[in-house]
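Count residues from 1 along the sequence. Heavy atoms only: backbone and side chains are in, while hydrogens, waters and symmetry mates are out.
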Amino acid sequence: MNTVLLSSAYLPPIQYFARLYAADQILAERCDHYVKQTYRNRAVIASSNGPLALTVPIVRTGENNQPMRALRISDHGRWRRLHWTALVSAYEQSPYFPYYEDDFRQFYEEPYEYLIDFNDALQTKICELLMLTPDIRPTTEYVKTPAPEIEDCRDLIRPKVSFSEDARFRIVPYYQVFQSRLGFLPNLSIVDLLFNMGPESRLVLKKSLV
């Protein structure tokens, strides 16, 4: 059985969803601590000027090692409006954004208290749109040392770790709105693939792992 261990992530990259597509079982880490500058609260999309990072602000408690499952979302800076405006600006001309617009708008209109719940709800919706039914099993304690048969991707799929270091992941080019000006931008958020390719996103995910 192909089992993959993944951290919670906000609109994670294609590299992450390729695992969701291919794995027999997903262990969803729910007992880790929040780590800065990770996909836990950051997504990267393709704006007209190039890659754009969208970051969900969190409530700082002053404590070190804040548990992810207790991490609250901050309302600072009207981030929901900013994120939604950025998504519309980046993808309103993409082939499939009009089909999925209403599915995503609701997440930026309805407040979520906890980051992990927000991430999970978005992931569930994206899986539904992609017709993916991954067997996801949340952990009940921190997995410090996974069993040898478990593929631990918690530290592999991170903004500061090049996807080229992932021996199983490969880039599969697809249409992007600003490709003629920016060139192809690899391993962006799954929404970039979804808005540009729609149902054909599954074929890209299938080819993305070796």
Side-chain angles (χ1 to χ4, degrees), residues 4 6-23 35-57 77 79-101 103-105 107-108 119 122-123 125-127 129-132 151 153-210:
V4 178
L6 294 169
S7 298
S8 177
Y10 170 54
L11 300 178
I14 293 169
Q15 181 187 11
Y16 185 105
F17 260 83
R19 259 53 184 217
L20 284 179
Y21 177 90
V35 180
K36 296 179 182 178
Q37 300 181 6
T38 63
Y39 290 122
R40 287 171 174 84
N41 65 326
R42 177 186 297 188
V44 181
I45 65 172
S47 76
S48 59
N49 295 317
L52 174 65
L54 303 178
T55 302
V56 178
W79 70 270
R80 292 180 180 85
R81 179 180 176 183
L82 293 175
H83 282 211
W84 180 243
T85 299
L87 287 168
V88 172
S89 177
Y91 297 111
E92 62 182 342
Q93 299 302 319
S94 65
Y96 291 93
F97 183 79
Y99 294 95
Y100 302 133
E101 180 177 3
D103 291 300
F104 284 91
R105 182 190 290 111
F107 292 100
Y108 299 94
N119 290 349
L122 276 167
Q123 179 175 290
K125 173 55 67 175
I126 294 169
C127 284
L129 296 175
L130 290 171
M131 294 183 289
L132 300 181
E151 183 183 12
C153 294
R154 293 173 298 179
D155 291 326
L156 180 63
I157 304 176
R158 301 180 61 164
K160 288 194 172 184
V161 177
S162 172
F163 59 80
S164 63
E165 296 185 28
D166 184 348
R168 294 194 61 207
F169 180 67
R170 65 180 178 183
I171 295 300
V172 179
Y174 57 89
Y175 169 80
Q176 292 177 332
V177 174
F178 304 113
Q179 186 169 350
S180 61
R181 187 186 342 158
L182 303 174
F184 180 75
L185 301 176
N187 202 33
L188 296 176
S189 167
I190 185 63
V191 297
D192 185 83
L193 176 61
L194 183 64
F195 293 152
N196 283 308
M197 299 298 291
E200 293 185 35
S201 299
R202 290 172 55 93
L203 298 177
V204 175
L205 294 176
K206 182 178 181 179
K207 296 176 181 178
S208 294
L209 283 189
V210 294

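- Side-chain atoms of Ile190 and Leu130, non-hydrogen and from C-beta on, do get closer than 4.5 Å to each other.
- In this structure the side chain of Ile126 reaches within 4.5 angstrom of the side chain of Leu11, judged on heavy atoms.
- When all heavy atoms of Ser201 and Leu194 are compared, the closest pair comes out as OG-CA, 3.5 Å.
- When each of Arg19, Gln15, Arg170 is paired with Leu209, the side chain to side chain contact (heavy atoms under 4.5 Å, CB included) condition holds for Arg19 and for no other.
- Gln37 CD to Thr55 OG1: the interatomic distance, rounded to the nearest 0.5 Å, is 9.0 Å.
- Inter-residue side-chain proximity for Val177 and Phe97 is flagged as unmet; no heavy-atom pair is nearer than 4.5 Å.
- The distance from atom CG of Leu82 to atom CG of Leu54, rounded to the nearest 0.5 Å, is 9.5 Å.
- In this structure the side chain of Val56 never reaches within 4.5 angstrom of the side chain of Asn119, judged on heavy atoms.
- Separating the OG atom in Ser94 from the CD atom in Gln176 is a distance of 11.0 Å, to the nearest 0.5 Å.
- A distance-only check finds no donor-acceptor pair linking the side chain of Arg42 to the backbone of Ala53 [under 3.5 Å].
- Between Tyr100 and Tyr96, the ring planes are parallel. Angles under 30° get that label, and only those over 60° would be called perpendicular.
- Between His83 and Tyr10, the shortest heavy-atom contact is ND1-OH, 2.8 Å.
- Between the side chain of Arg40 and the main chain of Ser7, no donor-acceptor pair closer than 3.5 Å is present.
- Minimum interatomic distance between Val44 and Pro51 (heavy atoms only, all atoms of both residues): CG1-CB, 3.9 Å.
- The minimum heavy-atom distance linking Leu205 with Ala18 is given by the pair CD2-N, 3.9 Å.
- Annotation for Ile171 and Pro186: closest pair CD1-CB, 3.5 Å, computed over non-hydrogen atoms.
- Listed here is the closest heavy atom pair of Ala167 and Val210: O-CG2, 3.6 Å.
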### Message
Between Phe17 and Gln123, is the side-chain contact (heavy atoms from CB on, under 4.5 Å) condition met? List the steps.
### Response
CA-CA 9 Å; Phe17 260 83; Gln123 179 175 290; 4.2 Å; yes

### Message
Leu20 vs Leu6, test: side-chain contact (heavy atoms from CB on, under 4.5 Å). Steps then yes/no.
### Response
CA-CA 9 Å; Leu20 284 179; Leu6 294 169; 4.1 Å; yes

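- With a 4.5 Å cut-off on side-chain heavy atoms, Ile157 and Phe169 do not count as touching.
- Rounding to the nearest 0.5 angstrom, the gap separating the CD atom in Glu101 from the CG atom in Leu87 is 10.5 Å.
- By the 4.5 Å heavy-atom criterion applied to side chains, Phe178 and Ser47 are not counted as neighbours.
- We find the CG-OG distance between Asn187 and Ser208 to be 8.5 Å, quoted to the nearest 0.5 Å.
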### Message
Walk me through whether Trp84 and Phe107 qualify under side-chain contact (heavy atoms from CB on, under 4.5 Å).
### Response
CA-CA 9 Å; Trp84 180 243; Phe107 292 100; over 6 Å; no

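- To the nearest 0.5 Å, atoms CG (Leu193) and CD (Glu200) are separated by 10.0 Å.
- The aromatic ring centres of Phe195 and Tyr99 sit 6.0 Å or more apart.
- In this structure, the side chains of Tyr174 and Asp192 come closer than 4.5 Å at one or more pairs of heavy atoms.
- Between Leu188 and Pro13 there is no side-chain heavy-atom pair separated by less than 4.5 Å.
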